[in-house]
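Working notes, structure below.
All values below were derived from every heavy atom in this structure, side-chain atoms included, with hydrogens, water molecules and symmetry-related copies excluded.
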Amino acid sequence: MNLRLELTRFLKLCFVLSSAFMFWKGLSIATNSHSPIVVVLSGSMEPAFQRGDVLFLWNRNERSKVGDVVIYEVQDKSIPIVHRVLREHHNDKNKQLLLTKGDNNAGDDIPLYGKKKVYLQKERDIVGTVKGYVPQLGYVTIWISENKYAKFALMGFLGISALLSNE
């Protein structure tokens, strides 16, 4: 075992991981969103977006318009919800309040908001507005999150490929 070669491999791995982290954080700063890329997890927005589509978000707009597709997170739940703005209002402090609904859902999202909320606050609840998408690319992440053995298989594959790599 060559110590210099192993250290070089380790440093390359650290470089790749830190580069990916810096890219993600840079994208987060540029889009003003803690999660600038999101995968659609359900069919509530069909036919506009299918399950597995990857969405690119932008959160630098001051106001959301009726018809915009926004991503929001409910308090105490970390699952992003992708739905369209159905109605917008302004409260007495001139803050924008939004009512959303999935295109494929029968009713609006008031039951999803929880804690007797009737509207979402743009500044607090909205993660971003959809500005682009890539169809079907997110199925890999859905497969990994829904299949408990897929995570272990992927980690094992990455570990074995790192050990067998000669570069």
TODO: Considering only Ile, Leu, Val, Met, Phe, Trp and Tyr, and joining two whenever side-chain heavy atoms are under 4.5 Å apart, list the other residues clustered with Leu17.
DONE: Leu13
Open item on the list: Starting from Leu11 and following side-chain heavy-atom contacts under 4.5 Å between hydrophobic residues (I, L, V, M, F, W, Y), which residues can be reached?
Closed with: none
Task: Sequence neighbours excluded, every pair satisfying side chain to side chain donor-acceptor pair (under 3.5 Å) that has a member inside residues 43-57 - done: Ser42-Ser44, Ser44-His83, Arg51-Glu146
TODO: Please identify each residue that fulfils side-chain hydrogen bond (donor to acceptor under 3.5 Å, both in side chains) with Asn59, with sequence neighbours left out.
DONE: Lys122
Task: Residues in side-chain hydrogen bond (donor to acceptor under 3.5 Å, both in side chains) contact with Lys117, at least two apart in sequence or another chain - done: Asp125
- [ ] Go through Ile110 and Leu99 one step at a time and tell me if the side-chain contact (heavy atoms from CB on, under 4.5 Å) criterion holds.
- [x] CA-CA 8 Å; Ile110 292 174; Leu99 177 66; 3.6 Å; yes
Task: Side chain Asn147, main chain Tyr149, donor-acceptor under 3.5 Å - done: yes
- [ ] Begin with the C-alpha distance, continue with both residues' side-chain angles, and end with the deciding distance and a verdict on side-chain contact (heavy atoms from CB on, under 4.5 Å) for Thr129 and Val69.
- [x] CA-CA 6 Å; Thr129 303; Val69 177; 6.0 Å; no
Task: same_hphob_cluster(Leu86, Leu120) at 4.5 Å side-chain heavy-atom cutoff - done: yes
- [ ] With sequence neighbours excluded, tell me which residues meet side chain to side chain contact (heavy atoms under 4.5 Å, CB included) with Phe56.
- [x] Ile37, Val54, Val134
Task: Criterion side chain to side chain donor-acceptor pair (under 3.5 Å) against Gln96, the qualifying member of Arg63, Glu123, Gln121, Glu88 - done: Glu88
TODO: Answer with yes or no whether the hydrophobic clustering places Leu137 together with Val40; edges join I, L, V, M, F, W, Y residues whose side-chain heavy atoms lie under 4.5 Å apart.
DONE: no
Task: Partner set under side chain to side chain contact (heavy atoms under 4.5 Å, CB included) for Asn91, not counting sequence neighbours - done: Lys93, Lys95, Leu97
- [ ] Not counting sequence neighbours, which residues clear side-chain hydrogen bond (donor to acceptor under 3.5 Å, both in side chains) with Lys101? List them please.
- [x] none
Open item on the list: Could you check whether Asp109 and Thr100, counting side-chain N and O atoms only, form a donor-acceptor pair closer than 3.5 Å?
Closed with: yes
Task: Asp108: salt bridge (Lys or Arg N to Asp or Glu O under 4.0 Å) partners, not counting sequence neighbours - done: none
Open item on the list: Does anything in residues 15-42 form a ring-ring contact (aromatic ring centres under 6.0 Å, His included)? List the pairs, not counting sequence neighbours.
Closed with: none
Task: Verdict with supporting geometry, Val74 and Ile81, side-chain contact (heavy atoms from CB on, under 4.5 Å) - done: CA-CA 8 Å; Val74 180; Ile81 299 173; 4.0 Å; yes
- [ ] Give a yes or no answer on whether the side chain of Asp68 reaches the backbone of Val70 with a donor-acceptor pair at less than 3.5 Å.
- [x] no
- [ ] List the atom of Gly43, the atom of Asn104, and the distance in Å for their closest heavy-atom pair.
- [x] O-ND2, 3.2 Å
- [ ] Output all residues satisfying salt bridge (Lys or Arg N to Asp or Glu O under 4.0 Å) with Lys151, sequence neighbours left out; order by chain, then residue number.
- [x] none
TODO: List the steps and the verdict of side-chain contact (heavy atoms from CB on, under 4.5 Å) for Ile126 and Ile71.
DONE: CA-CA 6 Å; Ile126 302 298; Ile71 286 74; over 6 Å; no
Task: Nearest heavy-atom neighbours spanning Ser33 and Leu57 - done: OG-CD1, 4.3 Å
TODO: Sorted by first residue and then second, give each ring-ring contact (aromatic ring centres under 6.0 Å, His included) pair with at least one member in residues 87-134; sequence neighbours left out.
DONE: Phe49-Tyr133, Tyr72-Tyr113, His89-Tyr119
